[in-house]
Structure formats: structure tokens, C-alpha cells
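As C-alpha cells, the structure follows; a few thoughts come after it.
By convention here, the first residue in the shown sequence is residue 1.
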Amino acid sequence: TLMTYLSDAGFTTLEAPNGQVGLEIAREQEPELLLVDLRMPVMDGLQVLEAMSQEQPDTPVIVISGTSAIDDVVQALRLGAWDYIIKPVVDMSLLEHAVHKALERSRLRRENRLYRDHLEVEVHKRTLALEQTNVQLTQEIAERKKVEEEITRSLSEKNVLLKEIHHRVKNNLQIISSLLNLQSSTTGDLATRNLLEASRNRIHSMALLHEELYRTDDLTRLHIHEYLKLLASRLCSTYSVGKAIEIEVNAGDTSMTLD
């Protein structure tokens, strides 16, 4: 018999007297492969095949039947049969080959499903990781933007404060210069007047420096070219005594620190 041959070939087999009992055994034992005949008592092969296709779709079902009607073959394949062998089976090696082929196909389907499930899990993990990273990056960008805005606002406030300080220092120096000028005009001694005038020029040079810092955007450095032009013009007007003196300043684009 078929079962004897398959047992001798190394397979573990289970037999059932009718389709209903065979289906119950399949539900309990979950065999790797099922052999059914289309003509069986209680429940025929097509009914067993339809039930197995719904309950255990990955279990191979091979139909072995004496009927050769094409409609039966088509119906069996539509219901999920993996193969169809016509009885009587003259060459048992054909049956063994069909069993091995169905088992191999079943194994590949299981491996493919496991691989697909594993891939879906990995994709889900990677997606969650990317979403978490994206959330963290968004938070970091928002925090950095907030810090940058605070730094910009702080720098702006400090610039305004420094400009106000330079403006007030310049005004105070201007008051001192005016007092020295007033004192010089009331002094009859030429040497004393010259000393007061020199002091006033020094005060003016410092006031001029603070005035230039007040006007510039960089409160830590001074472009020396403009400062020297103004300072030299001031000294020229003070000491030229009517002489025609031309001043040429060649300082390039040099800048100096506040110190």
C-alpha cells in the first residue's frame, strides 16, 4: 500500500478510515503533509481539502484518486491541492518525488514567511528608532534656536548698553574739555595756557575715540584710519596758527583693539 511504501521510505505515517476522522487527526497532530482521496466516506476529499485550506493553509495536501475527470482535478487545485496523482500508482517513486517536492515547497514557504515577518519587525524597529531620532533632533534644533535667539537678544542689549556708555563718557570728556578751555581763557600766563591747551587736546583725542566707537557696529575694535584723520585735523587746527598745512593719512584698513 501507499502507507507501507512511505513508511519504508522513512516517513512517519498516520491513517484514517474516512475523511472526517482524517481531518480530526490533522487538527490534533498537525502533520507536515496530507494525502487524501476524492472518494472517501462521511467526508470526501474536496471537503477535507477545503477545510485544510482554511485552517492550515501552509500544510501541503496531495490528492491521490482513481478518477481522472478534468473537472475533479481543476476543482481540487482551486481548493488548494498542491499536487494531483492518479491511481493506481504504478511507480511509487513518483509518489515519493511528489511528497519530497511538496515538503520542500512547504519548507521554503515557511522560511520565506519567517524571513518576511523578521524583516517587518526589523523595519518597524528601524522606523521607531528613526522617529525617535527625528523627535530628538527636532527638540535639539528648537532648543538651539531658542539659545541663539537669547544670545542674539543679549548681544543686542549689550551693544546698546556699550554705546550708551561710550556716549556718556564722550559727553563727560567734552565737559572736561570745555572747563579746561574756560580756564585757559582766563589765564594770563602763556606757559600755563599751553599746558591747559595740551591737556584739552589729550581730552579731545579720548572723546574722539569714544565718539568713533559709538558710531561703529563693532564696539571692541576701532578703524584707525578715520580716527587718525579726525585727530590730525584737530591738532592741525589747534597748532597751525594760520599756516597752510595739508595732512595725508596712510593707515590702510587697519583696526586696533580697544586697549
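Rounding to the nearest 0.5 angstrom, the gap separating the CG atom in Leu182 from the OG atom in Ser185 is 5.0 Å. We find the CG-CG distance between Leu114 and Leu119 to be 12.5 Å, quoted to the nearest 0.5 Å. Atom-to-atom distance recorded for Ile62:CD1 and Leu49:CG is 11.5 Å, nearest 0.5 angstrom. Expressed to the nearest 0.5 Å, how far NZ of Lys170 lies from NE2 of His204 amounts to 9.5 Å. To the nearest 0.5 Å, atoms NE2 (His167) and CG (Leu162) are separated by 14.5 Å. Note that CG of Asn181 is 12.5 Å distant from OG of Ser199, once rounded to the nearest 0.5 Å.
Residues Leu34 and Ala26 share a closest heavy-atom pair of CD1-CB, 4.2 Å. Residues Ser205 and Leu231 come closest through the heavy atom pair CB-CD1, 3.4 Å. Shown here for Leu23 and Ala51, the closest heavy-atom pair between the two residues is CD2-CB, 3.7 Å. Considering every non-hydrogen atom in both Glu96 and Ala9, the closest pair reads OE2-CB, 4.0 Å. In terms of heavy atoms, Ile85 sits closest to Ala98 at CD1-CB, 3.8 Å. The two residues Ile25 and Ala16 have their closest heavy-atom pair at CD1-CB, 4.0 Å.
No continuous path of ILVMFWY side-chain contacts below 4.5 Å connects Leu94 to Leu35, so the two sit in separate hydrophobic clusters. Cluster membership check: Leu103 shares its hydrophobic cluster with Met92, using side-chain heavy-atom separations under 4.5 Å among Ile, Leu, Val, Met, Phe, Trp and Tyr. By the criterion of side-chain heavy atoms lying less than 4.5 angstrom apart, applied directly or through intervening Ile, Leu, Val, Met, Phe, Trp or Tyr residues, Leu33 is grouped together with Met3 in one hydrophobic cluster. Under the 4.5 Å side-chain contact rule for hydrophobic residues, Val21 and Met43 do not share a cluster. One hydrophobic cluster holds both Met206 and Ile165 under the rule that ILVMFWY side chains link at heavy-atom gaps under 4.5 Å.
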Show your working on salt bridge (charged side-chain N to carboxylate O under 4.0 Å, His left out) between Arg107 and Glu104 and close with a plain yes or no. CA-CA 5 Å; Arg107 181 185 65 82; Glu104 178 65 15; 2.3 Å; yes
Show, in sequence, the C-alpha distance, side-chain angles and deciding distance for Thr59 and Glu30, and conclude whether the side-chain contact (heavy atoms from CB on, under 4.5 Å) test is met. CA-CA 8 Å; Thr59 301; Glu30 296 185 355; over 6 Å; no
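Asn134 is not listed as a side-chain neighbour of Leu130, based on a closest heavy-atom distance of 4.5 Å or more. Asn171 places none of its side-chain heavy atoms less than 4.5 Å from the side chain of Ile175. Taking the side chain as every heavy atom from C-beta outward, Asp117 and Glu120 approach each other to under 4.5 Å.
By the 6.0 Å contact criterion, CE on Met256 is open, its count of non-hydrogen atoms from other residues, nucleotides or ligands being 12 or less. Annotation for Arg126: atom CZ does not count as buried by contact number, only 12 or fewer foreign heavy atoms lying within 6.0 Å. Within a 6.0 Å radius of CZ in Arg78, other residues, nucleotides and ligands contribute 12 heavy atoms or fewer. Within a 6.0 Å radius of NE2 in His100, more than 12 heavy atoms belonging to other residues, nucleotides or ligands are found. Residue Gln56 qualifies as enclosed at atom CD: its count of foreign heavy atoms under 6.0 Å is above 12. Surrounding NE2 of His225 are more than 12 heavy atoms belonging to other residues, nucleotides or ligands, all under 6.0 Å away.
Side-chain contact of Asp91 with Ser93: a donor-acceptor pair under 3.5 Å is present, judged by distance alone.
Applying the side chain to side chain contact (heavy atoms under 4.5 Å, CB included) test to Ser7 and every residue at least two apart in sequence or in another chain returns Thr13. Residues forming a salt bridge (Lys or Arg N to Asp or Glu O under 4.0 Å) with Arg202 (at least two apart in sequence, or on another chain): none.
Ion pairing between Glu143 and Lys146 fails under the 4.0 Å rule for side-chain N and carboxylate O. No salt bridge links Asp58 with Arg110; every basic N to acidic carboxylate O contact stays at or beyond 4.0 Å. A salt bridge links Arg168 with Glu164: the distance from a Lys NZ or Arg NE/NH1/NH2 to an Asp or Glu carboxylate oxygen falls below 4.0 Å. A salt bridge is defined here as a Lys NZ or Arg NE, NH1 or NH2 lying under 4.0 Å from an Asp or Glu carboxylate O, and Glu197 with Arg193 fails to meet this definition.
The closest donor-acceptor contact from the side chain of Ser178 to the backbone of Gln174 lies under 3.5 Å. When atom types are taken as modelled, the side chain of Ser184 and the backbone of Leu180 share no donor-acceptor pair closer than 3.5 angstrom. Using a distance-only test at 3.5 Å, with no hydrogens or angles considered, no donor-acceptor pair links the side chain of Ser156 to the main chain of Thr152. A donor-acceptor contact shorter than 3.5 Å links the side chain of Gln47 to the backbone of Asp44. The closest donor-acceptor contact from the side chain of Gln29 to the backbone of Leu14 lies at 3.5 Å or more, if one exists at all. Not one N or O on the side chain of Tyr84 forms a donor-acceptor pair closer than 3.5 Å with the backbone of Ser65. Looking at Ser53, its side chain does come within 3.5 Å of a backbone N or O of Leu79 through a donor-acceptor pair.
The one candidate from Val123, Thr127, Leu128, Val121 that meets the side-chain contact (heavy atoms from CB on, under 4.5 Å) condition with Lys125 is Val121. The side-chain contact (heavy atoms from CB on, under 4.5 Å) test with Ile64 is passed by exactly one of Asp37, Val36, Leu95: Leu95.
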